[in-house]
Amino acid sequence: METFDFSSFMQSSDFADLSLKELGLLTYIAHHYPEDVTFGQIVNKVKDGKTAVYAALDKLMQSGYIVRERLFLSGRAAGIVYRLNVPNS
């Protein structure tokens with residue numbers, strides 16, 4: 001299993017461009033690394049609505065903190081996952 005130093009990541013990054021909500025979502029996604037996180041997992045853990053979650057995910061993607069990938073099974077779309085954008089991951 002690939003190791004990830006969460007403390008180093010948090011200390012080496014400047015999060016001045018993120019709101020507290022976005023930083024919380026980033027922390028949630030980082031906590032699950034190297035596992036992928038689905039939109040449904042996130043929505044089921046927070047009281048914010050889907051629109052707010054989408055907005056926070058979009059901001060994190062635009063800022064380069066996370067990536068979104070479409071999953072395929074047997075050549076068919078099977079869902080979308082979000083993952084921490086870590087070099088060489």
Side-chain angles (χ1 to χ4, degrees):
M1 179 181 230
E2 185 176 344
T3 60
F4 173 66
D5 187 351
F6 180 73
S7 269
S8 293
F9 171 75
M10 295 303 287
Q11 291 173 1
S12 68
S13 298
D14 177 15
F15 302 110
D17 61 328
L18 299 181
S19 70
L20 191 56
K21 182 185 298 186
E22 294 157 353
L23 184 57
L25 182 53
L26 177 62
T27 302
Y28 177 81
I29 294 170
H31 174 74
H32 287 85
Y33 184 82
E35 301 291 322
D36 297 328
V37 177
T38 67
F39 181 76
Q41 285 174 298
I42 297 167
V43 169
N44 289 332
K45 293 287 183 187
V46 299
K47 69 176 187 172
D48 299 75
K50 293 178 181 180
T51 303
V53 173
Y54 275 126
L57 288 168
D58 283 342
K59 173 64 176 179
L60 292 174
M61 286 185 291
Q62 289 173 6
S63 298
Y65 293 109
I66 65 171
V67 293
R68 174 177 54 200
E69 292 187 9
R70 185 176 299 271
L71 296 180
F72 292 91
L73 292 173
S74 301
R76 301 187 86 166
I80 295 175
V81 295
Y82 299 89
R83 165 180 327 131
L84 199 60
N85 188 14
V86 176
N88 301 320
S89 65

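Following chains of ILVMFWY side-chain contacts shorter than 4.5 Å, one cannot reach I80 starting from V67, and the two form parts of different hydrophobic clusters. By the rule that hydrophobic residues join a cluster once side-chain heavy atoms approach within less than 4.5 Å of another member, Y33 and I29 end up as members of one cluster.
Contact detail for N85 and G64: the closest heavy-atom pair is ND2-O, 2.9 Å. Closest approach of Q41 and K45 over heavy atoms only: O-CG, 3.2 Å.
Rounding to the nearest 0.5 angstrom, the gap separating the OH atom in Y82 from the CG atom in D36 is 11.5 Å. Taken to the nearest 0.5 Å, the CD atom of E35 stands 10.0 Å off from the CZ atom of R83.
Under the side-chain contact (heavy atoms from CB on, under 4.5 Å) criterion, V43 pairs with F39, K50, V53, sequence neighbours left out. Under the side-chain contact (heavy atoms from CB on, under 4.5 Å) criterion, R76 pairs with no residue at all, not counting sequence neighbours. Scored by the salt bridge (charged side-chain N to carboxylate O under 4.0 Å, His left out) test, D58 finds no partners at all (sequence neighbours excluded).
Under a cut-off of 6.0 angstrom, the local environment of OH in Y54 is sparse, with at most 12 non-hydrogen atoms contributed by other residues, nucleotides or ligands.
Between L57 and I42, the closest side-chain pair of non-hydrogen atoms falls below 4.5 Å.
With side-chain heavy atoms closer than 4.5 Å counting as contact, directly or through intermediates, the hydrophobic cluster containing L71 also holds V81.
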Please tabulate, for the side chains in residues 16-24, all donor-acceptor contacts under 3.5 angstrom to protein atoms that are two or more places apart in sequence or on a different chain.
{"residue": "D17", "atom": "OD1", "partner": "Y65", "partner atom": "OH", "Å": "3.2"}
{"residue": "D17", "atom": "OD2", "partner": "S63", "partner atom": "OG", "Å": "3.1"}
{"residue": "S19", "atom": "OG", "partner": "K21", "partner atom": "N", "Å": "3.4"}
{"residue": "S19", "atom": "OG", "partner": "E22", "partner atom": "N", "Å": "3.1"}
{"residue": "S19", "atom": "OG", "partner": "E22", "partner atom": "OE1", "Å": "3.4"}
{"residue": "K21", "atom": "NZ", "partner": "D48", "partner atom": "OD2", "Å": "3.0"}
{"residue": "E22", "atom": "OE1", "partner": "S19", "partner atom": "N", "Å": "2.8"}

